[in-house]
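Below you'll find the structure, written out as structure tokens, and then a few comments.
Lettering of chains follows the sequences in order, A, B, ..., and the numbering in each one begins at 1.
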There are 2 protein chains.
Amino acid sequence: MRVRKKSESAVVGPEAQGTGRGARKQMTRERLLDAALTLMNDGHSFPSISLREVTREAGVVPTAFYRHFRDMDELGLALVEECGLTLRRLLREVRKAGVPTTDIIRHSVAIYLQYVRANPRHFRTAASERHGGSPTMRQAIRNEVGHFIREMAQDMRLIGYRSDLPTDALEMICSLVINTMLNAASDILDLPADQPQLARELEENFISQIRLVFLGAEQWRAETAASHKR
Amino acid sequence: MRVRKKSESAVVGPEAQGTGRGARKQMTRERLLDAALTLMNDGHSFPSISLREVTREAGVVPTAFYRHFRDMDELGLALVEECGLTLRRLLREVRKAGVPTTDIIRHSVAIYLQYVRANPRHFRTAASERHGGSPTMRQAIRNEVGHFIREMAQDMRLIGYRSDLPTDALEMICSLVINTMLNAASDILDLPADQPQLARELEENFISQIRLVFLGAEQWRAETAASHKR
DNA sequence: GCATTTTGTCAACATATGTTCACTGAAATG
DNA sequence: CATTTCAGTGAACATATGTTGACAAAATGC
């Protein structure tokens with residue numbers, strides 16, 4: 001007969017307000033996701049972190065993991081979804097900012113970078129597992145980014161930007177922009193924190209790249225591509 | 001007293017021509033590198049593959065690893081160097097192709113894609129560990145890509161492309177191009193092999209993106225950036 | 001208020017990992 | 001030819017991992 005002294009459910013988050021059972025479950029679920037995100041943030045890539053590491057970081061016993069996910073792959077997918085949500089929120093934010101007539105690019109970039117710095121783990125995860133990671137996760141991210149691209153293209157259509165172009169072309173442009181964005185996010189998050197000068201340079205470079213892309217986009221003619229195709 | 005029957009050095013590659021001792025050593029070293037590259041090619045990202053897996057794939061006992069590398073990190077760096085060499089070779093190839101006056105972009109892209117398909121493991125590794133991977137490896141790749149960018153910018157200067165622009169601007173443009181290239185490589189290598197139609201589409205999209213970048217590059221004015229900076 | 005779910009814990013397992021050490025046998029050295 | 005060097009072997013270690021099963025106790029359902 002064992003005596004348990006330290007068995008008052010052990011897992012009580014600092015902000016544990018949810019009193020229901022399902023609420024508490026979701027709480028530790030988020031704990032696990034958060035733990036994985038945190039682990040990924042300092043160097044480790046997702047496929048290299050172990051189930052036990054995650055539970056350790058989350059302050060939970062390894063077996064508790066299975067109450068929430070079948071395996072690490074499933075957690076990975078949930079993670080991707082979370083990152084996707086962050087990206088959508090970002091898009092909504094930029095959209096809300098309206099269409100400042102002057103220097104729209106610099107403005108949007110500023111919002112974007114602010115967002116990146118506010119959610120470093122999400123962006124690092126997205127950038128890092130997009131081409132690396134497990135095939136499952138990679139595919140999931142590809143989908144998520146695809147949705148994002150389409151959404152952005154639709155936005156541009158709505159504000160009437162290059163409304164003469166077919167959807168394909170708009171999406172092509174947007175994907176170029178988003179690639180550049182994710183790339184910049186990764187670069188910026190990797191900077192040593194004590195080098196603000198480097199950050200400024202990188203930021204200016206980033207802005208230039210986006211500006212250049214839109215410079216090209218303004219010149220883009222559907223016939224250009226078509227004429228070269230045949 | 002143990003009897004050894006199967007101990008004729010066990011490790012003899014198919015194309016084992018090198019007869020010297022150092023030669024044979026370098027041979028198994030390459031075996032290890034090759035094994036790692038192969039493992040990475042089917043899904044696993046570098047930090048997730050184990051020392052033992054590598055030696056297993058290389059057909060060598062685990063302890064033999066230490067005769068060549070201190071640890072996996074060191075092997076990772078060697079791997080990056082190898083990928084860098086491949087990239088340089090590619091650049092030389094494109095350079096050798098000269099400056100076809102018409103449709104230079106389509107031409108270069110063709111050479112590039114051919115190269116990517118010929119060395120899928122190198123490109124997958126580069127693309128995948130660039131943002132993911134261990135910090136050490138990531139930094140190494142960043143350096144390698146940086147060299148590549150500078151080299152390419154210098155090339156463009158030599159052929160007189162936009163010779164009016166400062167070096168910064170040229171490098172900014174090149175880094176945009178290279179990002180797009182690495183991105184496309186990753187996308188293309190992830191395609192299911194039985195979907196040539198998808199490959200064509202992706203390829204056309206890739207060409208369009210590069211074309212758009214150069215369209216922007218032709219319009220780029222140093223003053224544009226400058227005027228917005230102040 | 002009792003029975004039932006259900007979230008999390010504990011103990012234990014088979015297996016995989018990185019690393020050590022002493023060894024072998026062929027190439028290099030003299 | 002005798003000696004030394006050293007790339008590769010084999011056995012063994014401590015440790016870490018994923019996963020199972022039985023159990024505790026709090027929330028839920030009746």
Side-chain angles (χ1 to χ4, degrees), chain A residues 1-13 16-36 39 44-76 134 136, chain B residues 1-13 16-36 39 44-76 78 134:
Chain A
M1 44 183 69
R2 243 174 286 102
V3 185
R4 292 202 194 191
K5 298 230 162 143
K6 188 195 150 197
S7 66
E8 53 273 18
S9 211
V11 52
V12 274
Q17 234 62 314
T19 180
R21 178 154 66 183
R24 189 163 295 209
K25 168 162 186 176
Q26 195 181 350
M27 215 188 64
T28 57
R29 181 191 147 100
E30 275 169 23
R31 274 251 201 137
L32 288 169
L33 288 170
D34 217 55
L39 286 175
H44 315 79
S45 76
F46 182 77
S48 82
I49 72 182
S50 67
L51 184 151
R52 283 177 116 105
E53 268 179 306
V54 173
T55 59
R56 218 176 296 140
E57 174 80 20
V60 167
V61 92
T63 50
F65 182 93
Y66 297 100
R67 302 289 182 198
H68 303 270
F69 308 97
R70 183 182 310 281
D71 51 20
M72 283 295 284
D73 255 9
E74 200 169 299
L75 184 147
S134 59
T136 337
Chain B
M1 43 180 68
R2 244 174 286 101
V3 186
R4 291 207 194 186
K5 296 228 165 147
K6 187 195 149 198
S7 67
E8 54 271 21
S9 210
V11 52
V12 274
Q17 233 62 312
T19 181
R21 178 155 65 181
R24 190 160 295 212
K25 168 162 183 176
Q26 195 182 349
M27 215 188 61
T28 58
R29 183 191 145 100
E30 276 168 22
R31 275 252 201 134
L32 289 169
L33 288 170
D34 218 54
L39 286 174
H44 314 79
S45 77
F46 183 77
S48 82
I49 73 182
S50 67
L51 184 150
R52 281 177 117 106
E53 268 179 305
V54 173
T55 59
R56 217 177 297 141
E57 174 80 20
V60 167
V61 94
T63 49
F65 181 93
Y66 297 100
R67 302 287 181 201
H68 303 270
F69 308 97
R70 184 183 308 282
D71 51 19
M72 283 294 285
D73 254 9
E74 201 169 297
L75 184 147
S134 59

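- Atom-to-atom distance recorded for B:Ser48:OG and A:His44:NE2 is 13.0 Å, nearest 0.5 angstrom.
- Heavy atoms only, all atoms of each residue included: A:Ala36 and A:Leu75 are closest at CB-CD2, 3.7 Å.
- Taking each heavy atom of A:Leu32 and A:Ala58 in turn, the nearest pair found is CD2-CB, 3.8 Å.
- Taking atom CE of residue B:Met27 and atom P of nucleotide C:dA26, one finds them 16 Å apart after rounding to whole Å.
- Considering only side-chain atoms of A:Val60, the nucleotide from C:dG8, D:dT9, C:dT9 that sits closest is C:dT9.
- Residue pairs meeting the ring pair (Phe, Tyr, Trp, His ring centres under 6.0 Å) criterion with at least one member in residues 49-68 of chain A, sequence neighbours excluded: A:Phe65-A:Phe69.
- The main-chain N or O of B:Arg31 is never found under 3.5 Å from a side-chain atom of B:Thr28 such that the two would form a donor-acceptor pair.
- A:Gln26 places its CD atom 17 Å from the P atom of C:dT6, with the value rounded to the nearest Å.
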Between protein and nucleotides 1-5 of chain D, what N or O pairs are separated by less than 3.5 Å?
from	atom 1	to	atom 2	distance (Å)
D:dT5	O2	B:Arg21	NH1	2.9

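- Going from atom CZ of A:Arg67 over to atom P of D:dA22 covers 13 Å, rounded to whole Å.
- We find that NZ of A:Lys25 is positioned 14 Å from P of C:dT9, with the value rounded to whole Å.
- Remark: P of C:dG8 and CD of A:Glu30 are 12 Å apart, rounded to the nearest angstrom.
- Separating the CZ atom of B:Arg29 from the P atom of D:dA7 is a distance of 12 Å, rounded to the nearest angstrom.
- Regarding B:Arg31, its CZ atom lies at a distance of 12 Å from the C1' atom of D:dG8, rounded to whole Å.
- Partners of B:Gln26 by side chain to side chain contact (heavy atoms under 4.5 Å, CB included), not counting sequence neighbours, listed by chain and number: B:Glu30.
- Side-chain contact check for B:Thr55 versus B:Val61: every heavy-atom pair is 4.5 Å or farther apart.
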Polar-atom pairs under 3.5 Å, protein N or O versus N or O of nucleotides 17-20 of chain D: list them with distances, or write none.
from	atom 1	to	atom 2	distance (Å)
D:dT17	OP1	A:Ser50	OG	3.0
D:dT17	OP2	A:Arg56	NH2	2.5
D:dG18	OP1	A:Leu51	N	2.8
D:dG18	OP2	A:Leu51	N	3.3
D:dG18	OP2	A:Arg52	N	3.0
D:dG18	N7	A:Arg52	NH1	2.3
D:dG18	O6	A:Arg52	NH1	3.0
D:dT19	OP2	A:Tyr66	OH	2.9
D:dT19	O5'	A:Tyr66	OH	3.3

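- Contact record, B:Met72 with B:Val54: CE-CG2, 4.0 Å, taken as the closest heavy-atom pair.
- Residue pairs that meet the salt bridge (Lys or Arg N to Asp or Glu O under 4.0 Å) test with at least one member in residues 56-74 of chain B, sequence neighbours left out, are B:Arg70-B:Glu74.
- Distance, A:Phe69 CZ to C:dT7 C1': 14 Å, rounded to whole Å.
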